Amino acid sequence: MDWGLRNRLSRIIKPETGRTVMLAVDHGYFLGPTSGLEVPRRTIEPLLPYADSLMLTRGVLRTSVPPEVDVPIVLRVSGGTSILSELSNEGIITSIEEALRLNAAAVALSIFIGSPHEKETLLSLASLVNEAQRYGLGVLAVTAVGKDMVRDARYLSLACRIAAELGAHFVKTYYCDDFETVVETCPVPVVIAGGKKTPEKEALELASKALRGGAVGVDMGRNIFQSEAPVAMIKAVRSVVHENKSPEEAYALFLEEKAK
C-alpha cells in the first residue's frame with residue numbers, strides 16, 4: 001500500500017487506538033431531507049469536533065461544512081436513485097477528480113448483493129478501486145441490504161468478502177449474531193452502520209458488541225443526529241470506541257452531558 005493511501009486511511013482509522021468514529025450524514029442522497037438533517041449545516045457543525053471523519057455527498061460538503069475544518073472526508077460517490085425507486089440501480093455520480101478537488105481521504109459507494117442490480121454495483125466498485133488506487137484514495141464499500149435480504153452472518157460475510165476481494169480498503173456493514181465470523185472472513189477493516197434510530201443505550205450497546213466482535217469502529221448517523229442530545233451522544237459513542245468504556249459507563253456519560 002502506497003504511503004499516500006496509508007496516510008489518508010490513518011486519518012480516518014486513528015493509529016492511537018486503531019479505531020474510528022465516522023459520522024454518516026449522506027442520507028439525503030436518496031432520502032431527501034431526513035429528520036434531523038433538514039438543514040445539514042445546523043446538524044453537522046456542533047458534531048464536527050467529535051467526528052473522526054464525515055461521510056457525505058459533495059453537495060452537502062460544499063454547502064454545509066466550513067472549509068477551514070480539518071476533518072477527513074469520506075465522499076459518497078454512488079447514487080442516482082431515490083427511496084421511491086429500486087435503490088440497487090445506482091451508478092457512480094462523482095468522479096475521482098472531483099473527490100481529489102474536494103480533498104477527500106476516501107470515497108464510498110454501496111454494493112447490493114442479491115439485488116436486481118448486483119452486477120452493476122460490483123462492477124462500479126471494481127472500477128472505482130481501479131481509479132482510486134492510481135491516486136492513493138481509500139475506497140469504502142457499503143454493504144447495502146435490500147428489503148428482502150436477511151441481515152445474518154451468512155449474508156453479511158458474503159457481501160463483505162466480495163467487497164474485499166474486489167479491492168475495497170474497508171467495509172461498512174451491519175451488526176448481526178456471530179459477527180465475529182463476518183470480521184474474521186473479511187480481510188480488510190470493518191466498521192458498523194448505526195442503522196435506524198434506537199434508544200441511546202441500545203445504540204451504545206450495539207457499538208460495544210461490534211467492537212468486541214472485531215469491528216474497528218462505527219459509521220453512525222441517525223443514532224447520533226436524531227438523538228435528543230446529539231453532541232452528548234457522539235461523546236458517548238467516542239468513549240466506547242476510543243476509551244473502551246462499557247455501554248453503561250457511556251450511557252451515564254450521555255446523561256451527564258445531556259444535562260449540561
Side-chain angles (χ1 to χ4, degrees), residues 1 5-6 8-24 26 51-55 72 74-78 105-114 118 121-122 125-126 128-129 132-133 137-146 149-196 198 202-224 237-238 240-242 244 247:
M1 192 183 290
L5 177 55
R6 294 202 313 269
R8 288 184 175 97
L9 292 177
S10 74
R11 297 185 64 218
I12 300 167
I13 302 172
K14 301 303 182 183
E16 298 85 0
T17 61
R19 290 180 174 176
T20 186
V21 175
M22 299 174 63
L23 177 63
D26 61 330
D52 292 326
S53 70
L54 286 180
M55 182 173 167
V74 178
L75 192 68
R76 160 68 68 173
V77 298
S78 68
V107 289
L109 91 169
S110 296
I111 58 172
F112 292 81
I113 304 299
E118 172 190 275
T121 65
L122 291 178
L125 171 60
L128 189 66
V129 169
Q133 194 78 21
L137 273 176
V139 175
L140 171 67
V142 181
T143 63
V145 178
M149 302 301 157
V150 179
R151 297 183 187 183
D152 60 15
R154 183 178 180 184
Y155 173 81
L156 296 175
S157 293
L158 172 70
C160 291
R161 180 58 175 266
I162 288 173
E165 295 271 354
L166 292 180
H169 301 108
F170 56 136
V171 176
K172 174 180 176 178
T173 196
Y174 293 94
Y175 183 78
C176 63
D177 291 335
D178 196 21
F179 184 69
E180 294 83 357
T181 296
V182 178
V183 173
E184 184 180 21
T185 57
C186 181
V188 298
V190 174
V191 296
I192 64 147
K196 293 181 179 179
T198 58
E202 290 182 20
L204 294 168
E205 288 169 349
L206 172 71
S208 181
K209 287 191 292 186
L211 292 164
R212 292 198 303 271
V216 300
V218 302
D219 188 15
M220 198 170 277
R222 286 169 288 187
N223 274 300
I224 291 174
V237 172
R238 287 191 66 84
V240 171
V241 173
H242 289 303
N244 292 311

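Below, all heavy atoms of this structure are taken into account, side chains as well, without hydrogens, waters or symmetry copies. Quick caveat: nothing in here was measured; it's all calculated off a predicted structure.
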Under the side-chain contact (heavy atoms from CB on, under 4.5 Å) test, residues paired with [X] that sit two or more places apart:
| X | result |
| --- | --- |
| Glu202 | Thr198, Pro199, Glu205 |
| Ala106 | Ile12, Val74, Phe170 |
| Arg212 | Ser208, Lys209 |
| Ser110 | Tyr29, Arg76, Ser78, Glu90, Phe112, Val142, Ala144 |

Shortest non-hydrogen contact between [X] and [Y], atoms and distance:
| X | Y | value |
| --- | --- | --- |
| Val216 | Gly18 | CB-O, 3.7 Å |
| Ala207 | Ile192 | CA-CD1, 4.2 Å |
| Ala168 | Val188 | O-CG1, 3.5 Å |
| Leu137 | His169 | O-CE1, 3.6 Å |
| Arg11 | Ala105 | NH1-CB, 4.5 Å |
| Val183 | Gly213 | CG2-O, 3.6 Å |

Restricting to salt bridge (charged side-chain N to carboxylate O under 4.0 Å, His left out), what partner residues turn up for Arg222, sequence neighbours left out? none
Taking salt bridge (charged side-chain N to carboxylate O under 4.0 Å, His left out) as the definition, give me every residue that meets it alongside Arg238, ordered by chain and number, with sequence neighbours left out. Asp52
Given Val139 and Leu125, is the side chain to side chain contact (heavy atoms under 4.5 Å, CB included) satisfied, shown in steps? CA-CA 8 Å; Val139 175; Leu125 171 60; 3.8 Å; yes
With sequence neighbours excluded, tell me which residues meet ring pair (Phe, Tyr, Trp, His ring centres under 6.0 Å) with Tyr175. Phe179
Nearest-0.5 Å distance, [atom1] of residue [X] to [atom2] of residue [Y]:
| X | Y | atom1 | atom2 | value |
| --- | --- | --- | --- | --- |
| Cys176 | Arg151 | SG | CZ | 10.5 Å |
| Leu128 | Thr121 | CG | OG1 | 12.0 Å |
| Ile162 | Cys186 | CD1 | SG | 11.0 Å |
| Ile113 | Tyr155 | CD1 | OH | 6.0 Å |

Name all residues meeting the side chain to side chain donor-acceptor pair (under 3.5 Å) criterion together with Thr173; count only those two or more places apart in sequence or in a different chain, and write none if there are none. Thr143
Who are the side chain to side chain donor-acceptor pair (under 3.5 Å) partners of Asn244, not counting sequence neighbours? Arg19
Suppose the criterion is salt bridge (Lys or Arg N to Asp or Glu O under 4.0 Å): which pairs have a residue in residues 165-181, not counting sequence neighbours? Arg161-Glu165, Lys172-Asp219
Between Thr181 and Arg154, does the side chain to side chain contact (heavy atoms under 4.5 Å, CB included) criterion hold? Intermediate values first, please. CA-CA 9 Å; Thr181 296; Arg154 183 178 180 184; over 6 Å; no
Run the side chain to side chain contact (heavy atoms under 4.5 Å, CB included) test on Leu204 and Val237 for me, step by step, so that the C-alpha distance in whole Å, both residues' side-chain angles and the decisive distance to 0.1 Å come before the verdict. CA-CA 6 Å; Leu204 294 168; Val237 172; 3.9 Å; yes
Short side-chain to backbone donor-acceptor contact, Asn223 and Ala203, under 3.5 Å: no
